[in-house]
There are 2 protein chains.
Amino acid sequence: MTSGRAGTGSGGDDDWAARIAALENPRHAGRGRKDPITLDRIVEAALAIVAEEGFEALTMRRVAGQLRTGPASLYAHVHNKSELDDLLIGRLCAQVRLPEPDPARWRDQIRDVCAQLRDRFLSYPGISRAALAAAPRSIDTLAINEGMLAILVTGGVPAQSAAWAIDAAYLYVCAYCLEASYRREPGSGRDDRVLRADEMAARLRMLPASRFPHTVAHASELAAGGGHERFDFTLGALFRGLGATAS
Amino acid sequence: MTSGRAGTGSGGDDDWAARIAALENPRHAGRGRKDPITLDRIVEAALAIVAEEGFEALTMRRVAGQLRTGPASLYAHVHNKSELDDLLIGRLCAQVRLPEPDPARWRDQIRDVCAQLRDRFLSYPGISRAALAAAPRSIDTLAINEGMLAILVTGGVPAQSAAWAIDAAYLYVCAYCLEASYRREPGSGRDDRVLRADEMAARLRMLPASRFPHTVAHASELAAGGGHERFDFTLGALFRGLGATAS
DNA sequence: TCGTAATGACGAACGGTGTTCGTATCGCGT
DNA sequence: ACGCGATACGAACACCGTTCGTCATTACGA
C-alpha cells in the first residue's frame, strides 16, 4: 500500500501539504442550491451502480444518468475517471472499523481488518481492481495502513516485517476479491459457470494422468475450499510465517 | 488457480473433453496460403503490443493493425477479446520452466517458479489483470498448477495445504505484478511519479503524528523495499507459515 | 449597485472501444 | 460444375472518456 507512491497527484509537495491541511477543513457542501451536483452525490451514485452491476458497468455516463445530467458535468468535480475510482476506494476504506490494538490478539485483529476490507470489496464486485490501481491517495486508505501497522507493531512484529506484511495482505485481499468477482460475473464475456467442487474435481480427473499426475491424484483438494476458507488459510499462513520471525 | 472454474468455455463436458483430446492433435497451421491470419500470429502480435505499450493498449484494432487487416478478421479465430486475453496468459505460462521436484529444496523451487511467473508478467505490463480474470482454461496454466503441486507435495506439504498455497501464491503474484505495472505506467490517467524511498518516507512524515503515529514513526520502513524485496518477503512468509504446518 | 471574474453545468463533438452483420473469396468434397 | 464451409474484412452499431464552447449563477471588489 505504501510501496512507492504517496498520492501526490499532479502538484507535488504543495498538493500533498494542501491535502494534509484539508484534514481540518472539510470542503463545504453545496451552497443551499437545490440538488446541485456534489462530489458526494457522484460517489454515492457510482457506488450504487457498482454494487448493483459491478465495476465494469461504472461509466461516467452511467453516473451522470443517475444524477440526471450529462457526463461532462462530472468533470467540474473530478479530474477524470481514475480519480473517481480512487474516491470510491477511499470511501470503502473509511468504512472499515479499526480496533484498539491488543497485543494478545494481534493475529485475530489483523485478520479481522482484512476480512472487513474483503467484505467491503466483495459488496462492490470488481472494485478491487481500482484498489490495485490506486495510489494510497486518500487519507482513508492511509488510515487503514496506520491501523494495521498499529496492530502489528503493538503485537511485537518488527516494523519492517509489519510494513511489508501489510502490503502483502492488501495485495492479496485485492486479488482475492477481484478473482472472486470475475468468477461470479455472468456478463464478463465468458460463459463459465461456477462449478461445484465435485464438478470441478471431476473435470480435473479427466486430465491425462500421464501429464497431470498430481492434479488428478489430488483433484478433490484442488477443488475444495468453500466460503472464505482459502482466504483464511492464506492470511493464516502469511501471519504465521510472520510470527515465526516475530518472536 | 483451480478455485471453481475449469475452463469449460461454452460447451460443457464435450468442449472440455475435446480440449483434452486436442493435447495429442495440435491444430494444423495455415494451409499453404501465404500469410494467412492464424491464431499464432494474432497472439504474437498481441504480446508484442503489450510488451511495448502495456495491457491497456491492447485492442482488437491494434492487433489487427499489426497484421495489416481489420479487427473483424480476428473473430474468425477468437470468440472475443477475453479469449485473446486468456490465450496470452496461457502463452506466458507455457514459458515457465518447471523443475524436477527435489524434496530437500522445495521452498527454493516453489519460489523460483513464482519468480519466473512474476518476471513473465512484468515483461508484459499490466497483463496480470488478464491472469486474474482468466479461468485456468488452457492446459498451460494447468501445467503450472501441476508443477507447483508436484514441488509442494514431493516436499511433504499436505495436499490440501499445497492446493491452497498455490492458489494464494498465484493471486499474490498477479496482484504484485499488476500493482507494479500501474506504478510504472505514465499514461494511466494519473500523474504520480514513482518516488524514491526517501521521498516517500518524507511524505509520510508530513502526516499529522496525532492521527498517524505509527506511520510517522516507521516511515522509512514503510517506504523501504527495493527490487523484489517485498515479493521475496511475502512468499517467504507464506511458505514458512505453510512449513509450520507441514512438519 | 454594478461590473467582472470565477465556478458550475452541460450539449455537441471528438477519437476511441468491442462486436455484429453482410458480402466476397477460397478450398474441398461430391 | 456446384454447393457448402471456412476465412477474410468493410461498414456500421452501441458504447466509452474527455474536451471545448456556451450559458447561467454566484461571489467579490470598487
Side-chain angles (χ1 to χ4, degrees), chain A residues 10 27-43 45-46 49-50 53-88 126 129-130 133 182 185-191, chain B residues 10 27-43 45-46 49-50 53-88 126 129-130 133-134 185-191:
Chain A
S10 56
R27 168 87 45 95
H28 288 294
R31 180 184 290 266
R33 197 176 132 175
K34 188 170 178 184
D35 279 355
I37 310 285
T38 62
L39 193 53
D40 204 58
R41 289 187 67 216
I42 291 173
V43 169
I49 290 164
V50 178
E53 299 172 54
F55 187 65
E56 304 293 330
L58 181 65
T59 67
M60 302 303 265
R61 284 171 167 79
R62 287 296 314 280
V63 176
Q66 291 272 69
L67 300 175
R68 302 230 174 73
T69 185
S73 310
L74 305 184
Y75 292 90
H77 300 267
V78 294
H79 285 115
N80 50 42
K81 171 80 166 51
S82 294
E83 187 174 320
L84 175 60
D85 293 344
D86 295 345
L87 290 169
L88 300 189
R129 188 173 131 213
Y182 281 128
E185 186 174 289
S188 61
R190 301 163 191 282
D191 291 331
Chain B
S10 55
R27 167 81 54 88
H28 288 296
R31 181 186 288 267
R33 198 176 133 174
K34 189 170 178 185
D35 278 356
I37 310 283
T38 64
L39 193 54
D40 205 58
R41 290 187 67 218
I42 292 172
V43 170
I49 290 164
V50 178
E53 298 171 55
F55 187 65
E56 303 293 329
L58 181 65
T59 67
M60 302 304 267
R61 282 173 169 81
R62 287 294 317 278
V63 176
Q66 289 273 67
L67 301 175
R68 302 234 173 71
T69 185
S73 311
L74 306 185
Y75 291 90
H77 300 267
V78 293
H79 285 117
N80 50 39
K81 171 82 168 46
S82 294
E83 187 173 320
L84 176 59
D85 293 343
D86 294 344
L87 290 167
L88 301 188
R129 188 173 131 212
E185 185 174 293
S188 61
R190 302 165 191 283
D191 292 331

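So you know, we letter chains A, B, ... as the sequences are listed, proteins then strands, and number each from 1. Bear in mind that the values here come from a model prediction, so they are computed numbers and not experimental data.
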Closest to the A/Ala72 side chain, choosing from C/dT19, C/dA12, D/dG10: C/dA12
Polar atom pairs between nucleotides 13-16 of chain D and protein, under 3.5 Å, N or O only, would you list them?
unit_1, atom_1, unit_2, atom_2, d
D/dC16, OP1, A/Thr59, OG1, 3.2

Using residues 64-75 of chain B as the side-chain source, report each donor-acceptor pair under 3.5 Å to any protein atom, sequence neighbours left out, with the distance given to one decimal.
unit_1, atom_1, unit_2, atom_2, d
B/Thr69, OG1, B/Ser73, OG, 2.7
B/Ser73, OG, B/Gly70, O, 3.1

Sugar-phosphate only, base, or nothing, as touched by A/Ser73 at under 4.0 Å among non-hydrogen atoms: base
Atom-pair distance (CZ on B/Arg41; C1' on D/dC9), nearest Å: 15 Å
Rounded interatomic separation in angstrom, taking CD1 from A/Ile37 and P from C/dG11: 11 Å
Side-chain heavy-atom pair A/Lys81, A/Leu58 within 4.5 angstrom cut-off: yes
Separation of atom CG in A/Leu39 from atom P in C/dG8, rounded to whole Å: 11 Å
Given DNA chain C, 5'-ward residue of the pair B/Tyr75 and A/Arg68, judged by closest heavy atom: A/Arg68
Exercise: identify the closest heavy-atom pair between B/Ala130 and B/Phe55: CB-CZ, 3.8 Å
Interatomic distance, A/His77 NE2 vs C/dC10 C1' [rounded to whole Å]: 11 Å
pair A/Leu87-A/Ile42: side-chain heavy atoms closer than 4.5 Å: no
B/Leu74 CG to C/dT19 P, straight-line distance once rounded to whole Å: 10 Å
B/Ile42 CD1 to D/dC9 P, straight-line distance once rounded to whole Å: 11 Å
Residues forming a salt bridge (charged side-chain N to carboxylate O under 4.0 Å, His left out) with B/Arg62, sequence neighbours excluded: B/Glu53
Any B/Thr69 side-chain N or O less than 4.0 Å from OP1/OP2 of D/dC9: yes
B/Asn80 side chain near B/Glu83 side chain, heavy-atom distance below 4.5 Å: yes
4.5 Å side-chain heavy-atom contact, B/Met60 and B/Val78: yes
Atom pair distance, as rounded to whole Å: CG in B/Asp85 and C1' in C/dT17: 13 Å
